[in-house]
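Below is one structure, written out as structure tokens; the observations come after it.
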Amino acid sequence: MKKIFLLMVSAILTSSALISCGGKKEAPADKEIAEPEFVFTKQDTARVMELVNDFMYRMKERDIRGAVERLSYLNGDTIEPLSPSFKNRQAMSLIPIAGRADYDLERIVFNSDIDNEAKINVILFEKEEGDPRPNKTSFYLRPIRRDGQWYLTTKDNITDSNELKSNANAEVDD
């Protein structure tokens, strides 16, 4: 009986010690808090939304030429207008989704000056209740910031000339 009592007391004391130590975790003093490398403001968000909404409006109106004219090309560190062959390629890829039932900007994600995305959902056709056919597709634009200005580029494997590295240190300011 004495052994059981001592075992219980030791278990209670050990539990108490673990609980009191576990509650107070201090951050290591030698760890420095890193400042975000990229800062985005409400103005950045508003400007990118304006560009994307203009692009979607032109697509809804079947103005493929106008939509393609809103796109640029990031060549290394330089923003350039699309070449005639890229314009043609982009126009051909947009034909199947031009003038569709609805376009919806699902999200804009800011990571860095060149690693951002705007996801646009496209309702291909209205469907009746109970219709199991998929009627939606999505595509992505890549907003790029150069010298304080925002440009829309496409997110594809041909016109992306930069290897992007995501930066988890992005911050949105007021």
Side-chain angles (χ1 to χ4, degrees), residues 35-174:
E35 289 294 318
E37 186 175 346
F38 300 99
V39 176
F40 301 99
T41 65
K42 288 180 182 178
Q43 290 80 12
D44 291 317
T45 304
R47 180 62 182 143
V48 170
M49 286 183 72
E50 180 182 309
L51 291 169
V52 171
N53 286 332
D54 182 43
F55 181 87
M56 290 188 310
Y57 171 78
R58 292 179 183 283
M59 288 298 296
K60 188 165 187 156
E61 295 295 313
R62 297 193 61 79
D63 180 9
I64 297 171
R65 177 175 284 157
V68 170
E69 289 293 327
R70 269 65 189 156
L71 299 176
S72 299
Y73 173 64
L74 181 63
N75 187 6
D77 285 336
T78 306
I79 289 287
E80 300 175 356
L82 292 180
S83 68
S85 64
F86 279 164
K87 281 183 183 180
N88 187 47
R89 181 179 175 276
Q90 290 300 332
M92 295 302 285
S93 69
L94 293 173
I95 287 173
I97 58 171
R100 295 304 176 161
D102 197 16
Y103 298 81
D104 175 51
L105 175 60
E106 181 177 313
R107 69 175 178 259
I108 297 175
V109 177
F110 293 101
N111 292 310
S112 71
D113 285 346
I114 62 170
D115 182 16
N116 309 299
E117 74 177 24
K119 181 180 181 187
I120 300 170
N121 295 319
V122 182
I123 305 296
L124 299 173
F125 59 90
E126 297 296 332
K127 66 180 188 174
E128 294 184 25
E129 191 174 327
D131 186 348
R133 298 177 298 163
N135 70 332
K136 183 165 72 167
T137 190
S138 299
F139 69 97
Y140 295 84
L141 295 174
R142 175 163 284 156
I144 302 286
R145 181 170 59 182
R146 276 289 172 259
D147 300 322
Q149 297 294 317
W150 284 97
Y151 303 88
L152 288 182
T153 66
T154 57
K155 187 172 180 177
D156 60 33
N157 60 355
I158 293 176
T159 58
D160 274 345
S161 64
N162 292 278
E163 289 186 28
L164 300 176
K165 295 177 182 148
S166 292
N167 184 329
N169 295 329
E171 177 181 289
V172 176
D173 261 356
D174 287 331

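Computed from heavy atoms alone, side chains included, the values below leave out hydrogens, waters and symmetry copies.
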When you compare the side chain of Y140 with that of I120, does any pair of heavy atoms fall below 4.5 Å?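 Heavy-atom side-chain distance check fails, nothing below 4.5 Å.
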Quick one: does D104's side chain get under 4.5 Å of I123's, heavy atoms only? no
Donor-acceptor pair, side chain of [X] and main chain of [Y], under 3.5 angstrom:
| X | Y | answer |
| --- | --- | --- |
| T153 | R142 | yes |
| N53 | M49 | yes |
| N121 | S138 | no |
| N135 | F125 | yes |
| D63 | M59 | no |
| N116 | N111 | yes |

[atom1]/[X] to [atom2]/[Y] distance, rounded to the nearest 0.5 angstrom?
| X | Y | atom1 | atom2 | result |
| --- | --- | --- | --- | --- |
| R89 | S83 | CZ | OG | 10.0 Å |
| M56 | D102 | CE | CG | 8.5 Å |
| L141 | L105 | CG | CG | 9.0 Å |

Aromatic contact between F110 and F38, with the criterion being ring centroids under 6.0 Å apart: yes or no? no
Heavy-atom pair with the smallest gap, counting every atom of [X] and [Y]:
| X | Y | answer |
| --- | --- | --- |
| A98 | R62 | O-NH1, 2.7 Å |
| I144 | I114 | CD1-O, 3.3 Å |
| R70 | D54 | NE-OD2, 2.7 Å |
| K60 | Y103 | CA-CE1, 3.4 Å |
| Y73 | P81 | CB-O, 4.4 Å |
| L82 | Q90 | CD1-CG, 4.0 Å |

Evaluate Q149 against I79 for side chain to side chain contact (heavy atoms under 4.5 Å, CB included), listing each step before the verdict. CA-CA 10 Å; Q149 297 294 317; I79 289 287; over 6 Å; no
Is there a side chain to side chain contact (heavy atoms under 4.5 Å, CB included) between R145 and F40 once you walk through the steps? CA-CA 10 Å; R145 181 170 59 182; F40 301 99; 3.5 Å; yes
If you draw a 6.0 Å radius around NZ in K136, do more than 12 non-hydrogen atoms from other residues or ligands fall strictly inside?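 No, NZ of K136 has 12 or fewer neighbouring heavy atoms, counting only those of other groups under 6.0 Å.
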Just by distance, with hydrogens left out, do T41 and D44 show a side-chain donor and acceptor under 3.5 Å apart? yes
Salt bridge flag under 4.0 Å for residues E61 and R58: no
Should E69 and K87 count as an ion pair when the cut-off is N to O under 4.0 Å? yes
